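Notes to accompany the following structure.
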Amino acid sequence: MERFVRHEGLVVPLDRANVDTDAIIPKQFLKSVQRTGFGPNLFDEWRYLDHGEPGMDPRSRRPNPDFVLNQPRYQGASILLARDNFGCGSSREHAVWALQDYGIRVVIAPSFADIFYNNCFKNGVLPIVLDAATVDRLFEEVQAQPGYRLQVDLERQRITLPSGEEIAFEIDAFRRHCLLQGLDEIGLTLQHADEIRAYEERRRREAPWLFAELS
Amino acid sequence: MAEKFGYDIPFHRQYHSYTEQSMAPQTLYDKLWAAHEVRRNEDGTSLIYIDRHLVHEVTSPQAFEGLRLAGRRPWRAGAILAVPDHNVPTTDRRAGIADPVSRLQVETLDRNCAEYGITEFTMNDPRQGIVHVIGPEEGATLPGMTVVCGDSHTSTHGALGALAFGIGTSEVEHVLATQCLVMKKSANMRVELAGRPQPGVSAKDLILAVIGEIGTAGGTGHAIEFAGEAVQALSVEGRMTLCNMAIEAGARAGMVAVDDKTIEYVRGRPYAPKGDLWERAVAAWRELHSDPGAVFDREVRLDAARIAPQVTWGTSPEMVVDVNGRVPRPEDEPDPVRRQGMERALEYMGLAGGMAIGDIRPDKVFIGSCTNARIEDLRAAAAVVRGHRVADNIRLAMVVPGSGLVKRQAEAEGLDRIFQEAGFQWREPGCSMCLAMNADRLEPGERCASTSNRNFEGRQGAGGRTHLVSPAMAAAAAVAGRFVDVREWDYRREW
Ligand code: SF4
């Protein structure tokens, strides 16, 4: 997994609540059997005026000039500022792959949908929950100040504003540890293989019907 | 307004010590969690054992690829059931899948299953269908199990008294490799549906009303147990509809306690235990309910007897009103973010605030999806359309059974003829227009009465407009050409 320790980047504000995974990456792009290449189709239906299908050359598309990601001042942004319940809807990890492929490393919102939140950590994207008032304030500042950048320090769990002011955020210890080290979670779990086998043995005695092999 | 939850559920609400856990009254979720805890880590997470892993073609290819690249193999291939459902055509399948990208995804699943010895119901297997319909139908998902799938509607299986939840592709790979997941326990939430619903009001209306009440983030960070008289009165299939949409209320898992109906539902299913094992299993399943006095972190109570058939008007399942209601006016909403969301939704939906729901005229009608494509759903819809014709303004009305076995059962009961005589198309099983990954989709601007679970922008096709309703309501809309209150429908006389 990709490590995340510190990140400094341009902020792009996406001022809508309940942004769902269908909006983040529309389903026609889920047919890929790869993990990469989703960036050009991030927010496809909002980002382009024409309808997108897999395999189209992004340069031949008609971008929607009104969509925030297309505005010149936000080019190169790597921190997404969002509203409540970001990432709701399906479990598709393609949503995180698309954000990551586009170059987003941090998403800040007042709340996230559970599965999306989990998926972020598996891909080196840091989702940060801040209270609604702080998020409101960040929206105001980003919109008022072109070139607005933030520094995010996962080790210290701090966001530094352009003014130098710091905002603390919470992240649970295990996830923070995995991100900081870029750990392979499967490898970590397999260190407990003996315990898994012992559990299986005990459960097999208690509830053998759970172990009937499908065929 | 719905309360919103972040992630900071206090530690003491997530964790009790082992001793406390065994003495204090437990919720159903507590019991399921405790029975699957392989180990508890110092940081408050647990390693949770997964009994059943369901796999479909969209969210698994990258997981198998990851497994292969790391030189790993599935921990327990016999715990996995795979089926292609999202991409499959619902018309004649003998020619295969026309779209090469969809075909590659389905073939990739076939190849991965063959390579690792995983049981798969392939596209032309008579048992093929939507993963969340076939799991319970085959007895592959059972009470007391932990069930996962790379699909958010895995919550459906909680209707059997199981702990079932959707996972992302990295977690699919994690379960393939270890049969476990690293998880943090959610908070407990109880949604009580008191009283009996009126005739014509279905599980779909109940869950839409719940989501309307608590909002799409109302259950975030929680596992929801649905309880109360109305839930007990529902069939197991109805409970699946309820749990299916727990995720639309923000909860990864929804569940219902085991009762006689659950056990009768499971009895005799192909993968259900038999003989002595059955007796032992049933004895264990009888414990799968919340103890009296169990404490929930959040409780919500709705009077089911007062719930009317529901119709969504916007682009989020919480944007829902009674069929006799009106589209709300954004001007009346004090919160600016919500007001803006409403305005955007109305613009997308091509509706004006204040308009009567009964004046909304769909172009298409879709009866299907893991929410509402089981046999009871098709019976409810057929009872409404029997002897009627689809209205002239409806360009397409289609029924997509949830599985091959549902289709066969419906045909044995003559439901296919009722639908076809009324002008509906009768299709092969799959996800179909629920998410329009195959050829079934809405054209830009088209309006659909749909029994599926998501009315997001573009969900049923770019620019498509979705109104979520129950099967009976969708059927009535097809006949009337607009949304009507199915409680006033005259179908019961004719059936
Ligand atoms: S029917 Fe719809 S919601 Fe259900 S699994 Fe298929 S795509 Fe997902």
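Since the model is a prediction, treat every value here as computed from it, not as a measurement. Residue numbering restarts at 1 for every chain, and letters A, B, ... go by the order of the sequence lines. Worth knowing before you read on, the calculation uses all heavy atoms, side chains too, and leaves out hydrogens, waters and symmetry mates.
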key: chain A contact via Ala284(B) - which portion, at a heavy-atom distance below 4.5 Å   = side chain
query = Of the backbone (N, CA, C, O) and the side chain (C-beta and beyond), which part of Asp184(A) lies under 4.5 Å from a heavy atom of chain B, both, or neither?
reply = side chain
inquiry  = Checking Trp209(A) against Trp285(B) for the side-chain contact (heavy atoms from CB on, under 4.5 Å) test, could you report, in this order, the C-alpha distance in whole Å, the side-chain angles of both residues, the deciding distance, and whether it holds?
reply    = CA-CA 12 Å; Trp209(A) 59 89; Trp285(B) 296 344; 3.6 Å; yes
query = Given a strict heavy-atom distance threshold of 4.5 Å, which part of Ile80(B) is in contact with chain A: side chain, backbone, both, or neither?
reply = backbone
ask   = Is it the backbone or the side chain of Phe116(A) that comes under 4.5 Å from a heavy atom of chain B, or both, or neither?
value = neither
ask   = Given that the side chain runs from C-beta out, which part of Ala272(B) has a heavy atom under 4.5 Å from chain A: side chain, backbone, both or neither?
value = neither
message = Tell me whether the rings of Tyr49(B) and Tyr199(A) are parallel (<30°), tilted (30 to 60°) or perpendicular (>60°).
response = tilted
request  = Side chain from CB out, backbone as N, CA, C, O: work out which of these in Asp131(A) comes under 4.5 Å of a heavy atom of chain B, or both, or neither.
outcome  = neither
request  = Pick whichever of Arg280(B), Met145(B), Gln340(B) has the most heavy-atom pairs under 4.5 Å with chain A.
outcome  = Arg280(B)
query = Is it the side chain or the backbone of Glu206(A) that comes within 4.5 Å of chain B heavy atoms, both, or neither?
reply = backbone
message = Between Gln62(B) and His94(A), does the side-chain contact (heavy atoms from CB on, under 4.5 Å) criterion hold? Intermediate values first, please.
response = CA-CA 10 Å; Gln62(B) 295 87 351; His94(A) 311 65; 4.0 Å; yes
query = Which answer fits His177(A), side chain, backbone, both or neither, if we ask what part of it has an atom under 4.5 Å from a heavy atom of chain B?
reply = neither
task = Taking heavy atoms only and a threshold strictly under 4.5 Å, list by residue number the residues of residues 48-68 of chain A that touch chain B; give 'none' if the list is empty.
result = His51(A), Glu53(A)
message = Given heavy-atom pairs under 4.5 angstrom as the criterion, report whether the side chain, backbone, both or neither of Glu173(B) touches chain A.
response = both
ask   = Out of Glu120(B), Glu171(B), Arg72(B), which one racks up the most heavy-atom pairs below 4.5 Å with chain A?
value = Arg72(B)
ask   = Between Ser32(A), Ala95(A), Ala198(A), Ala109(A), which has the largest tally of heavy atom pairs under 4.5 Å with chain B?
value = Ser32(A)
ask   = Non-hydrogen atoms of chain B under 4.5 Å away: do they reach the side chain of Ala23(A), the backbone, both or neither?
value = neither
request  = Go through the steps to decide whether Lys31(A) and Met437(B) satisfy the test side-chain contact (heavy atoms from CB on, under 4.5 Å), and finish with yes or no.
outcome  = CA-CA 8 Å; Lys31(A) 294 182 185 181; Met437(B) 264 187 90; 3.4 Å; yes
message = Within the structure provided, determine whether Val58(B) and Arg92(A) are in side-chain contact (heavy-atom separation under 4.5 Å).
response = no
query = Does a donor on one side chain and an acceptor on the other come within less than 3.5 Å for Glu457(B) and Trp46(A)?
reply = yes
task = State, with a plain yes or no, whether a side-chain heavy atom of Glu65(B) is found less than 4.5 Å away from one of Val33(A).
result = no
task = State, with a plain yes or no, whether a side-chain heavy atom of Glu138(B) is found less than 4.5 Å away from one of Leu214(A).
result = no
task = Check whether any side-chain N or O of Arg454(B) sits under 3.5 Å from a backbone N or O of Gly89(A) as a donor-acceptor pair, and report yes or no.
result = yes
ask   = Would Thr169(B) and Trp97(A) satisfy side-chain contact (heavy atoms from CB on, under 4.5 Å), going step by step from the backbone distance to the final call?
value = CA-CA 10 Å; Thr169(B) 297; Trp97(A) 298 336; 3.7 Å; yes
key: Backbone N/O of Val182(B) and side chain of Glu185(A): donor-acceptor pair under 3.5 Å   = no
Contact class of Ile247(B) relative to chain A, heavy atoms under 4.5 angstrom = side chain
query = Does any donor atom in the side chain of Thr59(B) or Glu93(A) lie under 3.5 Å from an acceptor atom in the other side chain?
reply = no
ask   = With only heavy atoms counted, which part of Leu47(B) is less than 4.5 Å from chain A, the side chain, the backbone, both or neither?
value = side chain
